[in-house]
Amino acid sequence: MKLARRRSTAATVTAALVVMSLATACNRDGSDAAGSGSAKPAIGIDLPRSDSDFWNSYAQYLNKDITSEGVNALPLSNSQNDVTKLVANVQVFQNTGAKAIVMAPQDTGAIASTLETLATKKIPVVSVDTRPDKGDVYMVVRADNRAYGTKACEYLGKQLGGKGKVAEFQGALDSINGRDRSEAFAACMKEKFPKIQFFELPTDWKGDVASAKLQSLLAQHPDLNGIYMQAGGVFLQPTLALLEQKKLLKPAGQPGHITIISNDGIPQEFDAIRKGRIDATISQPADLYAKYAIYYAKAAAEGKTFNPGPTDHDSTIIQIPNGLEDQLPAPLVTKENVDDKALWGNNIG
């Protein structure tokens, strides 16, 4: 991919003015790191949503890294979990001279045609956290989401002694992440813990949907003793509020405690672990997502290439049908290691 090109100052200034004029229409967030007046290749970055503590943390890390790395970033956009807005934002990036684009498509099936268009224009794409079902990508920056589901299953199975009833808040099943976590969790439960009855509750990553379905499930199964939340950033607060309302939020170690494992690694989950309100989470690396999204976007714009295999940052690049994926580490967090300063959730402002 030989994509790096120099642009004249006049062209860059014109691009910046176009971005400003289209900002409101395309849900663009303000950013001090504009693409004007720089010889470095311009990078377009779209944030996927702002209704999740996890993604808001990712945005904070992105802004820090853009500044510290001197990235020539066009003003950040936010597609707000709407693929039509993502497509519009990407069109603005194309029109304003982006040499690489970072996105995190929440609907991984609906973005294929946009990726095809970008490929014809030789604009490489870095996809964060989600792996598009089709369409070429330069690099997917992601953790092993099947491992998330397996780790959650194994933790609950061990804590419950292989018996009980578990609710699973599934993410959107039109997302590769929702499917990976759900399929791995179900496969593990069926194989390793056949005496645990688990209830799959599709939520489309919406906290209010999860809360309503949990309330209905508790009415039918008041002896529920385990919960797997596939995204603490959206599920944590409504779940704890409902359990507290029903007087079911017993501290860990006390009779009647419902064992809960989450997924994200946000500070709020860590606080809940310390207080015994939940038991564990899997730390999805928001800091590394931001760091390596920018790293690979810059590399793509400069025409660099990568091969499958181990990296120098404790991960492995794998070949996927439509590109490469850097699978970053995502540790299990319990009361034993929740205060570890190496965890990003203990460092975010």
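All values below come from the heavy atoms of this structure, side chains included, with hydrogens, waters and symmetry mates left out. FYI, the numbering just counts along the sequence from 1.
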- Query: Taking 4.0 angstrom as the limit, do Arg274 and Asp339 come out as a salt bridge?
  - Reply: yes

- Message: Quick check: do Asn72 and Pro41 have side-chain heavy atoms less than 4.5 Å from each other?
- Response: no

- Message: Keeping Asn337 on the side-chain end and Asp340 on the backbone end, is there a donor-acceptor pair under 3.5 Å?
- Response: no

- Val102 side chain reached by Leu62 side chain, heavy atoms, under 4.5 Å: no

- Task: Could you grab the distance from atom CD of Gln268 to atom CZ of Arg277, nearest 0.5 Å is fine?
- Result: 12.0 Å

- Task: Report yes if some heavy atom in the side chain of Phe169 is under 4.5 Å from a heavy atom in the side chain of Leu214; otherwise report no.
- Result: yes

- Quick note, side chain to side chain donor-acceptor pair (under 3.5 Å) partners involving residues 175-188, not counting sequence neighbours, are Asp129-Asn177, Asp133-Arg179, Arg142-Asn177, Arg142-Asp180, Asn145-Arg181, Arg146-Glu183, Gln170-Ser182, Arg181-Gln284, Ser182-Gln230

- side chain to side chain donor-acceptor pair (under 3.5 Å) pairs, two or more places apart, involving residues 155-164: none

- From OG1 (Thr281) to CD1 (Ile266), nearest 0.5 Å: 7.5 Å

- Message: Can you confirm whether more than 12 heavy atoms, excluding those of Lys291, are under 6.0 Å from its NZ atom?
- Response: no

- Just by distance, do the side chain of Ser77 and the backbone of Asn89 share a donor-acceptor pair under 3.5 Å? no

- Search all heavy atoms of Val126 against all heavy atoms of Tyr138 and return the closest pair with its distance. CG2-CD2, 4.3 Å

- Item | Heavy-atom side-chain proximity of Leu76 to Asn63 below 4.5 angstrom | yes

- Task: Evaluate the side-chain contact (heavy atoms from CB on, under 4.5 Å) criterion for residues Tyr148 and Tyr228: first the C-alpha distance (whole Å), next the side-chain angles of each, then the deciding distance (0.1 Å), finally the verdict.
- Result: CA-CA 10 Å; Tyr148 290 172; Tyr228 170 36; 4.1 Å; yes

- Is Leu217 reachable from Leu240 through a run of I, L, V, M, F, W or Y residues, each pair having side-chain heavy atoms under 4.5 Å apart? yes

- For Tyr289, what residues pass the ring pair (Phe, Tyr, Trp, His ring centres under 6.0 Å) criterion, not counting sequence neighbours? none

- Item | Worked check of side-chain contact (heavy atoms from CB on, under 4.5 Å) between Tyr61 and Leu288 | CA-CA 9 Å; Tyr61 279 113; Leu288 300 184; over 6 Å; no

- Examine distances only and state if a side-chain atom of Asp264 and a backbone atom of Gly233 form a donor-acceptor pair shorter than 3.5 Å. yes

- Message: Has Asp65 got a side-chain atom pairing as donor or acceptor with Ile294's backbone, closer than 3.5 angstrom?
- Response: no

- Do you know the tightest heavy-atom contact between Ala280 and Leu332? CB-CD1, 4.2 Å

- Query: Any ring-ring contact (aromatic ring centres under 6.0 Å, His included) pairs touching residues 312-341, not counting sequence neighbours?
  - Reply: Tyr292-His313

- Item | Main-chain N/O of Lys165 paired to Asn225 side chain as donor or acceptor, under 3.5 Å | yes

- Message: I need the Leu343 CG to Ser283 OG distance, nearest 0.5 Å.
- Response: 5.5 Å

- Should Leu201 and Val166 be counted in the same cluster of Ile, Leu, Val, Met, Phe, Trp and Tyr side chains packed under 4.5 Å apart? no

- Message: Can a side-chain donor-acceptor contact be found between Ser315 and Asp326 if the only test is distance below 3.5 angstrom?
- Response: yes

- Side chains of Val90 and Ile111: does their closest heavy-atom pair fall under 4.5 Å? no

- Message: If you count every heavy atom of other residues, nucleotides or ligands that lies below 6.0 Å from Asp314 atom CG, does the total exceed 12?
- Response: no

- Message: What I want to check is whether the side chains of Gln60 and Asn56 have a donor and an acceptor closer together than 3.5 Å.
- Response: no

- Consider only side-chain heavy atoms of I, L, V, M, F, W and Y, link residues closer than 4.5 Å, and tell whether Ile176 and Val140 are in one cluster. no

- Is there a side-chain contact (heavy atoms from CB on, under 4.5 Å) between Tyr295 and Val141 once you walk through the steps? CA-CA 10 Å; Tyr295 171 79; Val141 177; over 6 Å; no

- Query: Is the gap between the ring centers of Phe306 and Tyr296 under 6.0 Å?
  - Reply: yes

- Verify, without hydrogens or angle tests, whether Asp46 (side chain) and Met103 (backbone) share a donor-acceptor contact under 3.5 angstrom. no

- So the side chain to side chain donor-acceptor pair (under 3.5 Å) pairs with at least one residue in residues 186-208 (sequence neighbours excluded) are Glu154-Lys192

- Item | Short side-chain to backbone donor-acceptor contact, Gln319 and Gly323, under 3.5 Å | yes

- Message: Is the shortest side-chain heavy-atom distance between Val125 and Asp136 below 4.5 Å?
- Response: no

- Message: Please check: side-chain N/O of Gln245 versus main-chain N/O of Ala241, any donor-acceptor pairing under 3.5 Å?
- Response: no

- Side-chain contact test, heavy atoms from C-beta onward, threshold under 4.5 Å: evaluate it for Thr130 versus Gln106 and give yes or no. yes

- Look at the side chain of Ser211 and the backbone N and O of Gly207, then say whether any donor-acceptor pair between them is shorter than 3.5 Å. no

- Task: Would you check if Ile317 and Met139 make a side-chain contact, meaning some heavy-atom pair closer than 4.5 Å?
- Result: yes

- Item | Sequence neighbours excluded - side chain to side chain donor-acceptor pair (under 3.5 Å) pairs with any residue from residues 246-260 | His257-Asp279

- Query: Is atom NZ of Lys213 surrounded by more than 12 heavy atoms (other residues, nucleotides or ligands) closer than 6.0 Å?
  - Reply: yes

